[in-house]
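We're numbering straight along the sequence, starting at 1.
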Amino acid sequence: MGEFVMHRLFPIVCNMSLTASVVILAVLAVRLLLRRAPKVFSYALWAVVLFRLLCPVSVTSAVSLLGALGAPAQERSAVTSVVEYVPADIVRNMAPAVTPLPQEPFPAEPGENIVSTAPSVTQPDAAPVSPLSGPVAVLTLTWLTGMALLLLYSVVSLLRLRRRLVGAVRLEDNIYLADYIPSPFVMGLFRPKIYLPSTLTETERGYILRHEQYHLRRRDHVVKLLSFLALCVHWFNPLVWAAFILAGKDMEMSCDEAVVRELGEDIRADYSASLLSLATGRRIVAGMPLAFGEGDTGGRIRNLLNWKRPQPWIIAVCAVVCVGLIALCAANPKGSGTPTEDPPAGRTETGQWPSVEAYVQQVMLSQTEARYYTENADGTVSGQPHTAAVTDRKLEYLTKGGELAGLALDGVLEEWEYFYLVKLDVDTASVALVGGQYYDNEEYFSLDDRHVIVALRHNDGSYDILCDDPINDGGDFFGYHNTIEEAIYDWYVTDQNLDLPLYVEDWRSRIDLPEPGSLGNYPVHRYDVDGGYLYIPTSAWIMADVTAHRSHGHWEWYSGYDTGSILTVDRFTQTLEDEYITSRKQGFEPLDDTKQIWKRRQDGINERYYFYPAADGNGCWRIWTLWTDLGISDYPYIFIEPQVMYLMAESFTPTESFPAAGASTRTTMTSTYRAEVDGRAADLTVSYTVEQKNGEPQLCSLDSARARNVHGWEQVHLAATVEQHQSLFSSGLYQYLVPVFYEADRGNGWETFQAVVEISLTGQYSPRHTLTQEELAAYNAVMDPAVRDESGDIVDFHIQPFSYFFSSYYKNVRNLNFEEFIRYFPDSGQATEAEFEALKKLDDWPFKRVARMEDMPVPIHRHTVSSINEVLTRWGGITTSNLDTSGVCYLEEYDAYYTYTSDFNMFYFIAESGEQVGNYVYLRKSVENGNIAVLTLRLTPGTDEWQIVSHWRSGS
């Protein structure tokens with residue numbers, strides 16, 4: 001059930017809310033134009049908003065407001081469609097499906113894939129989890145929680161209201177008088193009753209009854225209930241709250257106008273006086289269809305006083321405007337895709353299909369028998385399978401993974417995955433579950449494999465099913481591809497025997513080892529340079545960060561085993577003959593008469609040049625390989641490095657253009673910083689993954705970090721630690737500052753050190769330097785609360801406001817522990833007796849049994865929000881609204897927080913070392929248990945001011 005809500009229901013609600021938001025804005029604009037028209041027309045406009053909030057499907061029309069705005073629509077039948085701003089398959093981890101397979105068309109856009117869900121089942125094989133699964137789960141839980149709280153509040157309010165109605169006296173029919181209600185209202189859905197305050201005069205009662213009876217005649221109590229249910233579902237949308245409130249006002253004003261229209265304009269003054277006498281200034285219960293006397297009394301009175309009987313032509317114009325807007329807003333544009341139809345008779349498993357779902361349904365229906373194993377008396381599984389009839393089928397999931405255009409000439413290639421369960425005509429207990437099989441709580445069995453489909457979508461929306469193969473969690477199909485689009489590309493190129501380079505190859509058969517079989521498969525991935533491509537092993541070879549040289553045609557990879565092996569790709573404008581002359585001058589000699597490969601060996605260093613003419617005839621390419629005798633060992637994956645480098649160089653192919661999967665290409669890269677401590681130096685290297693999207697680089701992930709002794713250290717641990725995510729330290733659109741911890745020994749045992757490695761996706765690095773003792777002293781002078789005399793003795797303390805930022809550790813200032821921050825914060829005045837009494841009414845006030853303020857065991861400190869925000873904004877760039885303040889007592893009427901302590905504590909940060917990288921300063925000091933505390937400051941360019949970014953500790 002949870003999977004259905006998150007993967008199917010929540011995206012539908014989001015799409016209805018977004019669609020309704022567009023309609024609400026349109027209604028608000030027209031409502032403004034109709035502000036002097038009878039309110040019944042404004043009230044009627046809200047009907048289309050309610051329809052949009054409660055119904056995800058609508059009829060299609062060539063004339064539609066959403067169509068004019070380019071809303072993404074998908075057909076559901078020949079005359080209906082749905083608008084999908086949020087893909088139903090935003091999370092790729094699929095949920096089970098209901099039985100039978102629903103006949104719905106699938107969206108054609110990439111990434112829109114989930115189409116069916118079902119009740120939860122026993123744990124199947126693990127499916128790939130999308131990086132969006134976690135955030136979507138949190139959003140879904142938040143949505144459900146908010147909806148539940150609103151419904152709970154409504155139920156509680158209804159029960160409280162019913163208690164007030166005890167002793168109500170029936171006046172006549174469905175009209176009751178009650179003593180403890182301040183204003184009239186309607187209660188009930190199928191048998192609604194009108195409740196009036198018993199204090200009303202006869203004249204007022206007459207107006208009120210007509211008002212309430214108009215509500216009942218128009219079924220406003222039903223509309224109000226549906227509106228509140230829509231509000232509960234879409235509570236997260238502020239436009240829906242505005243619509244709920246304004247629709248309620250239009251409802252009341254239109255009833256007021258109806259009463260005046262029936263009884264005549266002369267009663268407006270008396271009617272207005274009745275409204276004024278019933279004004280309570282508050283609602284009786286949220287969600288109940290409240291009527292006369294509730295809400296915007298002032299607005300209703302002004303509307304009555306300005307009301308005039310409208311001319312017939314005005315009514316006609318308003319009616320045309322309302323009907324036209326409702327028609328425009330209610331209709332959907334015609335969607336993409338083809339409506340699902342029943343699978344045509346006589347179709348085979350491959351061929352033209354109206355949709356992929358139609359094909360999968362036919363596959364399911366065609367399975368009438370299934371093989372299964374039984375369990376013997378001794379607990380073993382029978383050796384021979386049995387056959388049982390399939391009585392029902394249920395789709396577990398059907399997923400569109402991606403699509404690739406431009407490769408197949410007659411359509412778009414798409415990848416889909418599906419899996420379904422079957423019900424057998426045998427006793428459940430007799431079936432032995434083997435090889436990861438399972439059955440759900442409805443006794444549907446998973447006796448078949450998961451399947452991957454490659455389909456060709458034609459321009460008319462029909463499909464060819466090119467392959468339907470069983471997979472093991474997608475591994476056989478996806479392999480080492482970076483994207484699904486690459487997997488589609490390689491499958492189609494291989495299947496059609498096209499003369500195009502694959503994205504992934506296996507070089508296992510091309511590598512020789514002293515011990516055959518000691519090396520498993522050896523996958524390599526195609527890397528495209530500007531004017532060619534070559535293959536790089538998917539592991540152990542790292543791309544160096546040479547972005548600054550990329551515009552000059554330079555690429556570089558090195559061994560991840562730190563053997564010193566390296567391969568570079570360079571493009572030159574010189575001719576091949578010019579490069580041959582240069583190579584000979586450098587001591588290289590050609591291997592043969594072709595002069596394609598040149599070699600040089602000196603002092604155990606082995607080098608080769610591979611030359612290729614550029615495909616466009618301008619210049620040439622040179623591939624350089626280098627490995628050392630000392631770097632190569634008997635370890636299999638290091639032993640093969642020379643062979644692998646030669647294969648990499650030989651795989652280079654100059655080309656002007658070729659088809660590409662194009663969705664995204666990921667590359668593992670590194671960035672290195674030389675960290676120095678007391679004259680000792682170590683190189684810190686951070687490996688990270690960059691993804692190219694639409695020609696722009698994006699940092700996907702930090703993968704690892706390592707350290708290498710350069711000079712001065714006894715030894716340095718190879719493994720280093722990236723302490724926190726780079727997003728907190730982004731110094732620009734393509735620059736990231738990554739804190740790294742490493743361990744080194746300077747002769748006295750292992751110590752932990754920290755430095756900051758900068759990643760630049762553009763090659764433009766920030767200026768950086770280690771802080772001098774004078775610069776450290778300047779920062780410490782500001783942060784040290786001690787006032788010292790000439791001899792250095794402490795004679796007083798001067799507490800800086802920002803020192804309270806040091807009361808807790810956090811990796812982002814927005815995660816500051818507010819309770820610790822304010823515990824010893826200077827108060828802004830003593831609490832009064834009135835504040836003390838108000839505090840005792842708070843649920844979290846711990847001194848409820850203390851009768852008088854003077855009996856408090858500790859002082860009460862008042863901290864106004866303004867005084868707190870002044871410090872938070874100046875030194876952290878935040879306010880209390882950015883923090884979790886739930887653990888501190890707060891009184892809204894005084895806009896202040898309250899703490900209680902007689903203790904005194906001060907906090908400070910005295911830095912021992914630090915460095916500045918661009919506009920960021922990192923200050924460090926040693927703390928307990930051998931850890932290091934790091935304070936990060938962001939400098940304000942052109943000033944002496946700074947703000948705190950984080951205050952964290954290694955190991956925290």
Asker: Taking Pro523's backbone N and O only, do any of them form a donor-acceptor pair with Asn521's side chain (distance below 3.5 Å, no angle check)?
Answerer: no
Asker: Examine the side chains of Thr653 and Thr655 and answer whether a donor and an acceptor come within less than 3.5 Å of each other.
Answerer: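 The criterion, which ignores hydrogens and geometry beyond distance, is not satisfied for Thr655 and Thr653.
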Asker: Please round to the nearest 0.5 Å and tell me the distance separating atom CG of Asp578 and atom OG1 of Thr573.
Answerer: 9.0 Å
Asker: Would you mind checking if Arg708 and Asp562 are paired as a salt bridge, meaning a charged N to carboxylate O distance below 4.0 Å?
Answerer: no
Asker: If we only count heavy atoms from C-beta on, is the Tyr359 to Ile453 side-chain gap below 4.5 Å?
Answerer: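 Yes, side chains in contact.
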Asker: When you look at CG of Asp592, are more than 12 heavy atoms from neighbouring residues, nucleotides or ligands closer to it than 6.0 Å?
Answerer: yes
Asker: Apply side-chain hydrogen bond (donor to acceptor under 3.5 Å, both in side chains) to Gln715 and Trp713, showing your working.
Answerer: CA-CA 5 Å; Gln715 51 185 335; Trp713 299 102; over 6 Å; no
Asker: Going from OH on Tyr610 to CH2 on Trp624, what distance comes out if it is rounded to the nearest 0.5 angstrom?
Answerer: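 Interatomic distance, Tyr610 OH to Trp624 CH2, rounded to 0.5 Å: 14.0 Å.
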Asker: What I want to find out is whether Asp528 reaches Arg526 closely enough, with some N-O distance under 4.0 Å, to be called a salt bridge.
Answerer: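 Salt bridge present between Asp528 and Arg526.
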Asker: Check Ile484 against Gly401 and note the closest heavy-atom contact, atom names and distance.
Answerer: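 For Ile484 versus Gly401, the nearest heavy atoms are CD1-O, 3.4 Å.
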Asker: Assess the residue pair Tyr463 and Glu414 against the criterion (side-chain hydrogen bond (donor to acceptor under 3.5 Å, both in side chains)); give the C-alpha distance rounded to whole Å, side-chain angles, the decisive distance to 0.1 Å, and a yes or no.
Answerer: CA-CA 10 Å; Tyr463 283 85; Glu414 296 181 352; 3.0 Å; yes
Asker: Search all heavy atoms of Val716 against all heavy atoms of Ala744 and return the closest pair with its distance.
Answerer: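 Taking Val716 first and Ala744 second, the nearest heavy atoms are CG2-CB, 3.9 Å.
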Asker: Heavy-atom count around Asn459 CG within 6.0 Å, excluding the residue itself: above 12?
Answerer: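 Open: at most 12 neighbouring heavy atoms sit under 6.0 Å from CG of Asn459.
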Asker: Is there a donor-acceptor pair closer than 3.5 Å between any side-chain N or O of Gln496 and the backbone N or O of Tyr492?
Answerer: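 Side chain of Gln496 to backbone of Tyr492: no pair is present.
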Asker: If you take all heavy atoms of Glu758 and Tyr765, which pair is closest and at what distance?
Answerer: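 Heavy atoms only, the tightest pair is O-CE2, 3.5 Å.
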Asker: Contact between Thr582 and Gln574 at the side-chain level, heavy atoms closer than 4.5 Å - yes or no?
Answerer: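 Side-chain contact under 4.5 Å: no.
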Asker: Could you tell me the separation between the OG atom of Ser583 and the CZ atom of Phe588, rounded to the nearest 0.5 Å?
Answerer: 6.5 Å
Asker: Carefully, step by step, assess Val524 and Val504 under the rule side-chain contact (heavy atoms from CB on, under 4.5 Å).
Answerer: CA-CA 6 Å; Val524 293; Val504 176; over 6 Å; no
Asker: Given Val644 and Tyr522, is the side-chain contact (heavy atoms from CB on, under 4.5 Å) satisfied, shown in steps?
Answerer: CA-CA 10 Å; Val644 171; Tyr522 200 82; 3.7 Å; yes
Asker: Does the ring center of Tyr503 lie less than 6.0 Å from the ring center of Trp491?
Answerer: no
Asker: Compare all side-chain heavy atoms of Arg457 with those of Glu403 and state whether any distance is below 4.5 angstrom.
Answerer: yes
Asker: Using atom types as modelled and distance alone, determine if a side-chain donor or acceptor of Ser559 lies under 3.5 Å from a backbone N or O of Tyr561.
Answerer: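 Judged by distance alone, yes, a pair lies under 3.5 Å.
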Asker: Would you give the length of the straight line joining atom CZ of Arg601 to atom CG of Asp629, rounded to the nearest 0.5 angstrom?
Answerer: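 Answer rounded to 0.5 Å: 4.0 Å.
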Asker: Has Asp745 got a side-chain atom pairing as donor or acceptor with Gly747's backbone, closer than 3.5 angstrom?
Answerer: yes
Asker: For this output row, return yes or no: ring centroids of Tyr612 and Phe652 closer than 6.0 angstrom.
Answerer: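 They qualify: ring centres under 6.0 Å apart.
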Asker: I would like to know whether His525 and Glu505 meet side-chain hydrogen bond (donor to acceptor under 3.5 Å, both in side chains); could you show each step before the answer?
Answerer: CA-CA 7 Å; His525 193 281; Glu505 292 184 354; over 6 Å; no
Asker: With a 3.5 Å distance limit and no angle check, can you tell me whether Trp598 reaches the backbone of Lys595 through a side-chain donor-acceptor pair?
Answerer: yes
Asker: Consider salt bridge (charged side-chain N to carboxylate O under 4.0 Å, His left out). Of Glu589, Glu579, Glu577, which one does Arg584 pass it with?
Answerer: Glu589
Asker: Sub-3.5 Å donor-acceptor pair from the side chain of Gln643 to the main-chain atoms of Asp512, do we have one?
Answerer: yes
Asker: Quick check: Trp621 with Phe572 (ring centres under 6.0 Å apart)?
Answerer: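 Between Phe572 and Trp621, the centre distance exceeds or equals 6.0 Å.
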Asker: Are Thr670 and Ser687 linked by a side-chain donor-acceptor pair shorter than 3.5 Å?
Answerer: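 No, no side-chain donor-acceptor pair sits under 3.5 Å.
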Asker: For the backbone of Ile488 and the side chain of Glu486, can you confirm whether one donor and one acceptor N or O come within less than 3.5 Å of each other?
Answerer: no
Asker: At their closest point, which heavy atom of Val756 faces which heavy atom of Gln754, and how far apart are they?
Answerer: CG2-NE2, 4.1 Å
Asker: State, yes or no, whether a side-chain contact exists between Trp557 and Ile566 at a heavy-atom distance under 4.5 Å.
Answerer: no
Asker: Under 3.5 Å, side chain of Thr568 to main-chain N/O of Trp555, donor-acceptor pair present?
Answerer: no
Asker: Given side-chain contact (heavy atoms from CB on, under 4.5 Å), test Glu415 with Val452 step by step and report yes or no.
Answerer: CA-CA 7 Å; Glu415 184 271 342; Val452 64; 3.2 Å; yes
Asker: So that I can tick it off, tell me whether Glu915 and Arg768 are bridged by a salt bridge, with the cut-off set at under 4.0 angstrom between side-chain N and carboxylate O.
Answerer: yes
Asker: Between Ser565 and Glu641, is any side-chain donor less than 3.5 angstrom from a side-chain acceptor?
Answerer: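 Short answer, yes.
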Asker: If we ignore angles and hydrogens, is there a donor and acceptor under 3.5 Å between the side chains of Asp464 and His458?
Answerer: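 Side-chain D/A pair, Asp464 to His458: present.
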Asker: Just checking, Arg450 and Phe419: is the charged tip under 6.0 Å from the six-membered ring centre and within 45° of the axis?
Answerer: yes
Asker: Which value, rounded to the nearest 0.5 Å, describes the distance between Thr625 atom OG1 and Lys599 atom NZ?
Answerer: 12.0 Å
Asker: Examine distances only and state if a side-chain atom of Ser671 and a backbone atom of Val686 form a donor-acceptor pair shorter than 3.5 Å.
Answerer: no
Asker: Any side-chain heavy atom of Ser462 sitting closer than 4.5 Å to one from Trp353?
Answerer: no
Asker: Give, for atom CG of Asp495 and atom CG of Asp490, the distance between the pair rounded to the nearest 0.5 Å.
Answerer: 12.0 Å
Asker: Just do the side-chain hydrogen bond (donor to acceptor under 3.5 Å, both in side chains) check on His717 and Glu743 with the steps written out, would you?
Answerer: CA-CA 6 Å; His717 268 164; Glu743 291 186 332; 2.7 Å; yes
Asker: So, do His451 and Tyr418 have ring centers that fall under 6.0 Å from each other?
Answerer: yes
Asker: side-chain contact (heavy atoms from CB on, under 4.5 Å) for Val493 and Leu407? Distances and angles first, verdict last.
Answerer: CA-CA 9 Å; Val493 168; Leu407 186 60; 4.3 Å; yes
Asker: For residues Leu626 and Gly564, report the shortest heavy-atom separation together with the two atoms involved.
Answerer: CD2-O, 3.6 Å
Asker: Could you tell me if the side chain of Val412 sits less than 4.5 Å from the side chain of Leu404, heavy atoms only?
Answerer: no
Asker: Of all heavy-atom pairs between Cys620 and Leu576, which one has the smallest distance, and what is that distance?
Answerer: CB-CD2, 3.5 Å
Asker: Using a distance-only test with no angle check, is there a side-chain donor-acceptor pair under 3.5 angstrom linking Tyr609 and Gln586?
Answerer: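 The criterion, which ignores hydrogens and geometry beyond distance, is satisfied for Gln586 and Tyr609.
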Asker: Could you check whether any side-chain heavy atom of Trp507 comes within less than 4.5 Å of a side-chain heavy atom of Ile640, counting everything from C-beta outward?
Answerer: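 Not in contact.
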